[in-house]
Number of protein chains: 2
Amino acid sequence: MTQPKYVYFFGAGEGEGDATMKLLLGGKGANLSEMTNLGIPVPPGFTISTEVCKFYYDNEKKYPHGLDQQITENLQKLEDSLDEKFGDTENPLLVSVRSGAAVSMPGMMDTILNLGLNDDAVKGLITKSGNERFSYDAYRRFVQMFGNVVLRVDHDEFEHLLEEKKKNKGVTLDTELEASDLLELVKEFKHVIKQKTGSDFPDEPRRQLDMARDAVFESSGNPRAITYRRINDISEELGRTAVNVQAMVFGNMGGSSGTGVAFSRNPSTGANQFYGEFLMNAQGEDVVAGIRTPLPISELRNINPDAYDELVAIGLKLETHYKDMQDVEFTIQDGTLYMLQTRNGKRTGQAAVRIAVEMVEEGLIDKETALTRVPANDLDQLLHPSVDPGASVEVIAQGLPASPGAAVGKVVFTAIRAEELAAEGEKVILVRSETSPEDIGGMDAAEGILTARGGMTSHAAVVARGMGKCCVAGCSDLFINEEALEFIVGGKRYGEGDFITLNGSTGDVLNGQVSLIQPELSGQFGILMEWADEVRTLDIRTNADTPEDAKNARGFGAEGIGLCRTEHMFFGTGIDAVREMILADDTFERKQALTKLLSHQRSDFIGIFEAMAGYPVTIRTLDPPLHEFLPKNESEISDLAERINVDVQKLRERVEELHEFNPMLGHRGCRLGIVYPEITEMQARAIFEAAVDVSKRGIKVLPEIMIPLVGHINEFSLQRKVVDDIAKEVFNETGTRVEYLIGTMIELPRAALTADKIAAEAEFFSYGTNDLTQTTFGMSRDDAVKFLDDYVKNGILEYDPFQVLDQEGVGSLLQIGCEKGREARPDLKVGICGEHGGEPHSVKFCYGLDFNYVSCSPFRVPIARLAAAQAVIEAKS
Amino acid sequence: MTQPKYVYFFGAGEGEGDATMKLLLGGKGANLSEMTNLGIPVPPGFTISTEVCKFYYDNEKKYPHGLDQQITENLQKLEDSLDEKFGDTENPLLVSVRSGAAVSMPGMMDTILNLGLNDDAVKGLITKSGNERFSYDAYRRFVQMFGNVVLRVDHDEFEHLLEEKKKNKGVTLDTELEASDLLELVKEFKHVIKQKTGSDFPDEPRRQLDMARDAVFESSGNPRAITYRRINDISEELGRTAVNVQAMVFGNMGGSSGTGVAFSRNPSTGANQFYGEFLMNAQGEDVVAGIRTPLPISELRNINPDAYDELVAIGLKLETHYKDMQDVEFTIQDGTLYMLQTRNGKRTGQAAVRIAVEMVEEGLIDKETALTRVPANDLDQLLHPSVDPGASVEVIAQGLPASPGAAVGKVVFTAIRAEELAAEGEKVILVRSETSPEDIGGMDAAEGILTARGGMTSHAAVVARGMGKCCVAGCSDLFINEEALEFIVGGKRYGEGDFITLNGSTGDVLNGQVSLIQPELSGQFGILMEWADEVRTLDIRTNADTPEDAKNARGFGAEGIGLCRTEHMFFGTGIDAVREMILADDTFERKQALTKLLSHQRSDFIGIFEAMAGYPVTIRTLDPPLHEFLPKNESEISDLAERINVDVQKLRERVEELHEFNPMLGHRGCRLGIVYPEITEMQARAIFEAAVDVSKRGIKVLPEIMIPLVGHINEFSLQRKVVDDIAKEVFNETGTRVEYLIGTMIELPRAALTADKIAAEAEFFSYGTNDLTQTTFGMSRDDAVKFLDDYVKNGILEYDPFQVLDQEGVGSLLQIGCEKGREARPDLKVGICGEHGGEPHSVKFCYGLDFNYVSCSPFRVPIARLAAAQAVIEAKS
């Protein structure tokens, strides 16, 4: 029996893997083999496959039989190919050990550089490099990194010793320390490791390698990685990591060495220009971690024009090869360029759209591929507000424009605080010296991120772009005192709660709250949307309650209204008439009060029908419980009683009488219209009178009247009859008929479960997934905030089900309802109007159930259009 | 093509129908044919089938083609068989027209007697009967009855004229009026009919017949009939009526005539003795309506021994033939006995049990038939309270013991008031001169019913027995002034709101609130329960929270506990410890407070395990939201703060913090145990320590720990782990293990929909149908009272879904959950512990889904046992 292959070698122009093997080798490993095969200069090495990671977690953290031997063999091959040896005092092999899953997860996995160093090997490195200081610095860095990442000794323990050392030597920069200082530090680091872990630092290189491998696999199961996967919707399979062991090359060997990252196009704007940053005399992590602020890549042309030209050529070659924008890492060792990684580059939504459209124009990809290249949710970034150019602003500092858009919020200094205040509904700007993976939750909660250190590829910048969140990075003018919860800039102090505004497109930090404006949608955006419209089959409607919303939504491409809530008309100028209605002693008085509301409603409907000329408009009859319209406290009650001339005691009693223990499950929805049919009558009259009015002026109207909160067919039948009767009356009175449909919200489990009965009389279903999620989970959205966050953080629920449709539970009701409904009425029109209607996963799920449309807020209409197109394309593959 | 047969003749010893044709001919019609075939003296006639009723309602109140001709033919046959003719001046045919559905619905349908009388026919009747006064009285009664029932002229219009006439003549009784007075009354009645309806009274007999037929069909759709069908769960099909047209015989032809009703056994006690009442010189409705108080049937032996013996013989023959207790109506015309109706007699629960058991002993029926003869819900009556024999009572009046049991309540005088006060939670006694079908709602709402007039077969008595409600009827000592809302008895006045006590078993009316005691279960009850236990396959458990409840439930035959709620232990003496726990600042403090609760819970569990020795005990972990344990208002808050020495502001803030908008959908159930695992830990420890303690004493314990409100498998997994860990700890500490199961309540739609996932880890499911109904309907039980009553009254919902399981909606989740659960775990134990667990329809539904058990309140355990047996028997047929 042949042993399974767990380890794949790359080097000497040949890789055992290739780019198609990402699931097995991780993205990094697969691409290292692929680049090797393409003849690109890559330091040799080998990849331990993700199968091992799976085995590790499936078998109580044990390794498969034979792995050890395969590592030994590949290590031998590596030593042979370089003529180096682990621990050799003359020509020691040093390697990097890096994680790499199928999907790139920046900052989530831990990396070890310079592995193989010990007291013997450092001598070999000195011999080989001829640079004692560099060698001891490499040793110091290795012990520190290994101590922290593998042996889990707190970072601060090492930093503290380093700071002490600099203080004792009277210097301020690491680079000012001498070789002997660094050697002492190595000893001190090993001492502290012994103290903290109880064991000696492992000097044996193979043991170092095995321990580093363990740490990589371990890190793929750590809470940070799990959180990242959750936020980014990465399956466990895609999240399994490989381990890449690769011969070290050094960017910190002196002035002719350096390291950097580059993109084949601009990841922020999408412009087709080679883009990147580098630092001379630095190791890779220095650039990514954002500790020193790097130089733009164009500067490299001045320092090493050959390397620059080679790098640009490789970038182009890789982009053409992968047919996507590439994000590469490189190191120049003593003037020679080495590529350490290539991957499809992360980009802003704006860049994604531009790159996708331009690559089609360049003939590199086809339209459908272009559509899949833009994560639908990322369009949100294009639709984000920007700083009003007309606003008078006070620029208090300038940093790097790390992620576009603009944000206004209160300053906070910790991720936790950001989450707390955001949970209270505050808009916050997270201000940090630099961010780290622990801050992800707070970054997610913040409106925008401001850092004092780090470049365009720093953690803050990369993560913020991924989140589509405005970010200004490397704003070195800022003096941040995290303990005092303040930053000082230009002599002015900003404390927690002070407002600032960020312009992520310019890097400006502005004083106070500056007015923001809606973005203009670029030409490429329009092109992409046209392509999406050609492909998609789902109609995209919007939830809009006013003529203004309806007009806006048309601008975003909405093809009708899926949910027009009528209660806003009740809350507006009509509220006192509503209250009179509620306080009426009998049907007659109630009808009198309702008459006052009729013209308000009618004129609103006229405006909406006009805005949606030719498109369907779904109008929901009154939904909220009546007590929502009444005053809550004693002073409001007495004010109102006086104003509308009602006995205060009567008003108080009515408020008391209408109180509900569980308003969500109370007297609302169609239950109102059943007990007070005159409310439905008035609303139906307003709708039909408006429809007739608009229709008479030659504008096509397609009203769809939607009865909310139906649980039993009998409720629907009764309300349908009320509406049909009024339609007949209005058509008779006006001598004009308009076509209309009557349907229902499916927002109670019972409605979905008895959908066949309901569809026998209802012409359309619109899933109200907000309420359906509440009832299916038995969880009030308002009250669940107290524990739902814990649930998601602890992985009890994968997502907040109020944001992403719960396909397993609520989704099965969508399926049952859709199937049963279409059984009874094959041409039943089915849509969704809950907030999930604009969430890409949910849109794709609805496509899978063969819905006719999704409806979402105007702002999310483009996202739904793209997601609907992607659903078609994904279903084909 | 043969015309469908719509009309069925019976007479001259032969009927075209028989007893099997109840659905087609109604119960009355089928039995008239059957009796005719049995050679029992039945006046001839014919039945218009229920098919015609269906046609009438399906075809906008039109009749099928050919019906008219068939009626004509059968009328001819009837005339021929009696040698009488409609409208004849010498030998006129007079008929009764009566409704009759497949299921008997007393008092719901309207009856016309003496149809065929007009100015000509009355002469014939005089000739034939030789009794002018009788003949005009018959004519007067007919016009009055027809005018009221068919022509819908108010009853009072006729009564008013009758009273006037008596006043003018200076007499008090109807019987004191002379023939000429009665003739005048006929004219006056016809005049008022003309005034009120605008048409002349129809003199043509065939037209009278057609109009009476119309009225019968119409009455089957009237609101009273619909209400009766709803309350008694009669389907539309079973509620369709036939029309019986039968030659009149007269019980009011003089002293040798009479009429009555009789039962082959005592319908109140079940004793095997011929039982009944009659009135001489009276027409049938006089007995049933309860206007005159009739004589016991044994008196008939003295008046007409031949008729008495014949009647008893017929009763016995019919009972033997139908193998069930019979309720017959008879008339003696001039000394000759005629049977007008037989049907299975209504009976009290007590009588049902005794008759069923004795008929098995007599070899008349088998045990399974006996089990189906007792409506499971009627057992409730046997379990009703009775007057404490040790109580000192003041008997203020005595009436007939019309329906057994005892009741205490406030006097009310109208059905509406009874409903109003009952809705406010008051216990009321409905006091009426006599009841009528309009009073059904109020009778249903009252604890007991007291009437001044009418016998054991009066409306009040029959309906009360059907409802299992205590009733004292015909209490003629009472002087009721309905306008003044008072009754006077023995010179003492009782007004609305005064308390009285009824003893329905003795007929005593008692002053004030007398103490009641629980019934002893009779020997026959025990026998029937044994038979039920032999047949049934469902286990019957009980919901019991205390050792006392558990012991009681064992007495009722409970085979374990299906739901032990642990929160009552929190609400009791432990409440301040619970509050300390809620106010704790950290887990440590919380655990300290919980420790105080441990011993309380443990000793409760010990008592429960002991009471349920050898039977499973399902214990639910804490369910209610924490705010339920905190004080609500400011003064309670400051009292508590002082008592437990907490800062009042802190307490206030915590109360505020724990406030929920929708507590039903809030932080409760397993969501508590997930956020505060230490609560579950303490409860698990109390359970296992108790189990070990009891087990060590040689008592078998079968704890089943139930996690409430699970919506997602991950919630269950986390709580299961907490419980399992504690079990291990306790078993290690004590060196004793007990077997246990861990399962979950299925009370959220999501749990049922993902039951396969949950069953992978849960060993049992118990459906919490109270909450499941709330979430499936999106209806809070507390808030729904405001509209649910309207819903049921208006037929939007057939039943209150909190009383009778909604099989269509909630039931489909039970089915889905059960199927999916057993897919994942074939031996999954499934039960129900909502209040539906003791409701017969719901028990049968659970049997149909192959549940393992149902669990209900101790009091309803016998009902569930019987229903479970009936489910098995019904499934066979």
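All chains are named by letter (A, B, ...) in the order of the sequence lines, taking the proteins before the strands, and each is independently numbered beginning at 1.
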Quiz item: How long is the gap from CG on N662(B) to CZ on F661(A), to the nearest 0.5 Å?
Solution: 12.5 Å
Exercise. Kindly compute the distance separating CD (Q815(B)) from CG (L753(A)), expressed to the nearest 0.5 Å.
Key: 11.0 Å
Quiz item: Is chain B contacted by the side chain of D806(A), its backbone, both, or neither, given a heavy-atom distance below 4.5 Å?
Solution: side chain
Quiz item: Could you state the interatomic distance from CG (L665(A)) to CG (D783(B)), rounded to the nearest 0.5 Å?
Solution: 7.5 Å
Quiz item: Where does E747(A) contact chain B at under 4.5 Å (heavy atoms): side chain, backbone, both or neither?
Solution: neither
Practice problem: Tell me, for I816(A) versus chain B, whether the close heavy atoms (under 4.5 Å) come from the side chain, the backbone, both or neither. | Solution: side chain
Quiz item: chain B heavy atoms under 4.5 Å from L772(A): which part of the residue, side chain, backbone, both or neither?
Solution: neither
Quiz item: Quick one: what part of L788(A) sits under 4.5 Å from any heavy atom of chain B, side chain, backbone, both or neither?
Solution: neither
Exercise. With rounding to the nearest 0.5 Å, note down the distance linking CZ in R671(A) to CE in M779(B).
Key: 4.0 Å
Quiz item: E681(B): what forms a side-chain contact (heavy atoms from CB on, under 4.5 Å) with it, not counting sequence neighbours?
Solution: K591(B), P677(B), E678(B), V722(B), I726(B)
Self-check item: Contacting moiety of T776(A), where chain B heavy atoms sit under 4.5 Å
Solution: both
Quiz item: Nearest 0.5 Å, what's the NE2-CZ distance between H667(B) and F787(A)?
Solution: 6.0 Å
Quiz item: When only pairs under 4.5 Å are counted, which of G778(A), A784(A), G711(A) shares the most heavy-atom pairs with chain B?
Solution: G778(A)
